[in-house]
Amino acid sequence: MIPTGKVRTRFAPSPTGYMHVGNLRTALYAYLKAKSAGGTFILRIEDTDQERYVEGAVDIIYNTLRETGLVWDEGPDIGGPVGPYVQSERMGMFKGYAEQLVKEGKAYYCFCDKERLDEMRLVQKASGQAPHYDGHCRKLSPEEIRAKLDAGVPYVIRQKIPQEGTTSFEDVVYGHIEVDNATLDDQILIKTDGMPTYNFANVVDDHLMGITHVIRGSEYLSSTPKYNLLYEAFGWEIPTYIHCPPVMKDAQNKLSKRNGDASYQDLIAKGYLTEAVLNYILLLGWSPKGEREIFTLDEMKDVFDESGIGKAPAIFDPAKLRYINAEYLRAMSEETFFTKAKPYIDSVVKTDCDKALLAEVLHPRCEVLSDIPEQVDFIDAMPEYDLALYTNKKMKTTAKTAKEALAAALPALEGIPAGGFTKDAVHEAMFALIAEKGVKNGWMLWPLRVALSGKQFTPGGGVELAAVLGKERTVARVKAALERL
RNA sequence: GGCCCGAUGGUCAAGCGGCUAAGACAUCGCCCUUUCACGGCGGUAACCCGGGUUCGAUUCCCGGUCGGGUCACCA
């Protein structure tokens, strides 16, 4: 049913809200591990926690995975040989496994109620001990168990954890991990309501689904020995573990889902490109063998290797994300960039202008698309500006020379036919003037740029701005500037 | 608190007993240039501390410090 010898990984999120960067990275690594080995990537929704269930969260998971291209080979919507892939639909299949363990003496019924448990922990804490189940019901005789069962006393099923010895395993990223069994609790497998605990369901599901590599956050590192004891109790093959360090907001805090901009959809809303986000996330905690850092998803499949995953928590660095986003933007063709930039330009520029040219000059000056509105805000209306802007030491300009330059530029600009007011035409006219007057380019062009934009920095120089704005507005703005000067 | 894990420039990170300790981002300077960018060139900047082991430790061992995780009828 399940092909043997093939890598099978899964991403098993709980639908509890946003998909933050750390989750996405785990999904990415799981996907890449499967794909780089020609294996299968599985999506399983772990929705057993009704308390934390968030409406719409499943759709966020689907959408994020689809947008980023992390397509699953088996999952809730498309099925597969080991479904169902939604944990709440699998609820019936766990109790039998737990009872099998009870029969084999590897698990037992526990009738302790909450009060006893609470009191026990209180006492343990007071005496400086770590809280743990004291094994009270381990000692029950078969008759006592039978009687309680018959009397309908509520019970849970606990696993018998060896009280001595150690349990160890090899994690791909953390290496050898070993703990004393004495520090492990007799974990609950089946709850009073007959439902499995997360840990139990997780182990059974991973086994039933033939998962060969478990890729998850390092918060599971310390519970992994318990998982393994379960695999051993069943005689199942233990998967390979790849635990990933957390993604941090800063040195002390993990990236928080809420109240942060770290979720995938927040980043997209901020104008980042999907490919850039994915590429940056790849690099967060993983390092490629060579010097190259920019990879498409397909390329990642070739270069990804779990041995490159680091052990230390990685701090999310927006500056580097910006850089990578800029790399993707610059790699775009002029046409593609225009398409992507247009909505951002349109959000601010309501009047008519040469938007294709505007996009072209914006292109190398844009790290994130959302930078655009602020850069083009002068197009519809001239901002208030100080005449001091005309003074530029390097250009050797002052308000006085600006007046002279603009006075000369005005007729030249007016002389260009309205229908042919292109960048080339403006360029030709201005440079003819510059040659004629024997002045520095900047002497002429700096004032023009200021007169057209009223800004210290602009996308493009005077020539480009004139062409973007068109003849009518260019002439009007130069005239207006002349009046002020 | 017990247990587990981690620590190389501001950030991401190579390194795996002997190196002038890579690279990228950020930062600084120069060049290019009609502003700003882009591009090119160059610079500043790091092995948490203390003991060992060794001819020699960033690398191995022990202790400490700091940080993270985990100890539920949550997932």
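Atom set for the values below is all heavy atoms of this structure, side chains included, hydrogens, waters and symmetry mates excluded. By convention in this document, chain letters (A, B, ...) are assigned in the order of the sequence lines, proteins followed by strands, and residues within each chain are numbered from 1. Only a predicted model underlies this, so the values are computations on that prediction, with no experimental measurement involved.
- Residue side chain A:R449 does not reach the base of B:U34 through any donor-acceptor N/O pair under 3.5 Å, judged by distance alone.
- Nucleic acid contact for A:V156: base, since at least one base atom lies under 4.0 Å from a heavy atom of the residue.
- The neighbour count for A:K106 NZ, taken as heavy atoms of other residues, nucleotides or ligands under 6.0 Å away, is above 12.
- The interatomic distance linking A:Q456 (CD) with B:U34 (C1') rounds to 14 Å, in whole Å.
- Side-chain contact check for A:T458 and A:R449: at least one donor-acceptor pair (N or O, by modelled atom type) lies under 3.5 Å.
- Pairing for B:C41 is with B:G29, a Watson-Crick or G-U wobble pair whose two hydrogen-bonding atom distances lie under 3.5 Å.
- Within the nucleic acid shown, A:M395 comes within 4.0 Å of sugar-phosphate atoms alone, with no base atom in reach, counting heavy atoms only.
- The NZ-P distance, from A:K226 to B:G69, rounds to 17 Å in whole Å.
- Both A:S287 and A:K394 lie close to RNA chain B; mapped to their nearest nucleotides by heavy-atom distance, the more 5′-ward contact belongs to A:S287.
- The CG atom of A:L284 sits 8.5 Å away from the CG atom of A:D317 when rounded to the nearest 0.5 Å.
- No side-chain N or O of A:H363 forms a donor-acceptor pair with one of A:R330 less than 3.5 Å apart.
- Taking the P atoms as reference points, B:C32 lies 16 Å from B:G40, given to the whole Å.
- Side chains of A:Y390 and A:Y385: a donor on one and an acceptor on the other come within 3.5 Å.
- Mapping A:A251 and A:D193 onto RNA chain B by nearest heavy atom places A:A251 closer to the 5' end of the strand.
- Side-chain contact annotation: A:E46 with A:N202, donor-acceptor N/O pair under 3.5 Å present.
- Among the heavy atoms of the strands, none lies under 4.0 Å from A:R322.
- Within the nucleic acid shown, A:R292 has no heavy atom closer than 4.0 Å to any nucleic acid atom.
- B:U53 and B:G6 have their P atoms separated by 25 Å, with the value rounded to a whole Å.
- For the salt bridge (Lys or Arg N to Asp or Glu O under 4.0 Å) test, residues two or more places apart in sequence or in another chain that qualify with A:D305 are A:K289.
- If you check residues 368-376 of chain A against RNA chain B, you find no residue with a heavy atom closer than 4.0 Å.
- Among the protein residues, A:D180 comes within range of no part of the nucleic acid, since none of its heavy atoms lies under 4.0 Å from any strand.
- For A:Y198 and B:A75, the OH to P distance is 9 Å, given to the nearest whole Å.
- One can place CD of A:E327 at 11 Å from C1' of B:C25, the figure rounded to the nearest angstrom.
- When both pairing distances are held under 3.5 Å, B:U11 makes a Watson-Crick or G-U pair with B:A24.
- If you check every strand for non-hydrogen atoms under 4.0 Å, A:Y220 touches a base.
- Within 4.0 Å of A:G460, counting heavy atoms only, lies at least one base atom of the nucleic acid.
- Taking atom CG of A:D317 as the reference point, atom C1' of B:U11 lies 5 Å away to the nearest angstrom.
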A:F304 vs A:W286, ring-ring contact (aromatic ring centres under 6.0 Å, His included): CA-CA, chis, key distance, verdict: CA-CA 9 Å; A:F304 183 76; A:W286 176 81; 5.6 Å; yes
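- Put simply, the side chain of A:S222 and the base of B:C4 share no donor and acceptor less than 3.5 Å apart.
- Annotation: B:A14 and B:U27 have their P atoms spaced 23 Å apart (nearest Å).
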